[in-house]
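Below is one structure, written out as structure tokens, with a few remarks after it.
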Amino acid sequence: MSGGGNGPPSGRLLPWVGDEGKPCYVVGEGTGRVSRLADGVESIQLGMAGDLLEHAAALLEERGASAGELRYLANRLTESLTDVKRVAESRGARLARTDPARDPDPDGGSSGLPAREASKRAQKNLK
């Protein structure tokens, strides 16, 4: 399951972690049972992130939100952002494997672009 060298395995990064918080991967064509389960989990995670953002916006509009409520919200947002980041990394890695022209650095490193510029380029590529 290893991609060679010291990098991560070459399989799909799954939207959950294993023992000790280590990333989980699946190797295959992307049509198997685990891949379909991962697609479903990703969809749920992204939907929950959207719901949480709506809740956060509403709570932050309230001037009377307590420190405890805000701390709880920050913890849930942190968890959700971790999930969404993992989904984005997984999908980005799969895009790069299917279309190497989309990966600005074929060695898998950072392109060196600021995040905002990289985001603009990614959106432009989607059009």
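In terms of modelled atom types and a separation under 3.5 Å, the side chain of Thr78 and the main chain of Ala74 share a donor-acceptor contact. Side-chain atoms of Arg36 come within 3.5 Å of backbone atoms of Thr31 as a donor-acceptor pair (strictly under, hydrogens ignored). Judged by distance alone, with hydrogens and angles left aside, the side-chain atoms of Arg12 form a donor-acceptor pair with the main-chain N or O of Ser35 at under 3.5 Å.
Residues Leu70 and Leu52 share a hydrophobic cluster, clusters being chains of Ile/Leu/Val/Met/Phe/Trp/Tyr side chains in contact below 4.5 Å. Clustering ILVMFWY residues whenever any of their side-chain heavy atoms sit less than 4.5 angstrom apart, transitively, puts Val84 in a cluster other than the one holding Leu53. Cluster membership check: Val17 does not share its hydrophobic cluster with Leu14, using side-chain heavy-atom separations under 4.5 Å among Ile, Leu, Val, Met, Phe, Trp and Tyr.
How far NZ of Lys85 is from CG of Asp83: 11.5 Å, rounded to the nearest 0.5 Å. Note that SG of Cys24 is 8.0 Å distant from CG of Asp19, once rounded to the nearest 0.5 Å. Here CG of Asn75 is found 12.5 Å from OG of Ser80. Values are rounded to the nearest 0.5 Å.
Using a 4.5 Å heavy-atom cutoff, the side chains of His55 and Leu73 are in contact.
No option in Val27, Val26, Asp39 other than Val26 meets the side chain to side chain contact (heavy atoms under 4.5 Å, CB included) test with Val34. In summary, of the residues considered (Glu89, Glu29, Glu42), a salt bridge (Lys or Arg N to Asp or Glu O under 4.0 Å) with Arg94 occurs for Glu42 alone.
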(message) One pair to check against side chain to side chain contact (heavy atoms under 4.5 Å, CB included): Leu95 and Arg91. What are the steps and the verdict?
(response) CA-CA 6 Å; Leu95 278 175; Arg91 291 182 179 185; 5.6 Å; no
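Between Trp16 and Ala38 the shortest heavy-atom distance is CZ3-CA, 3.9 Å.
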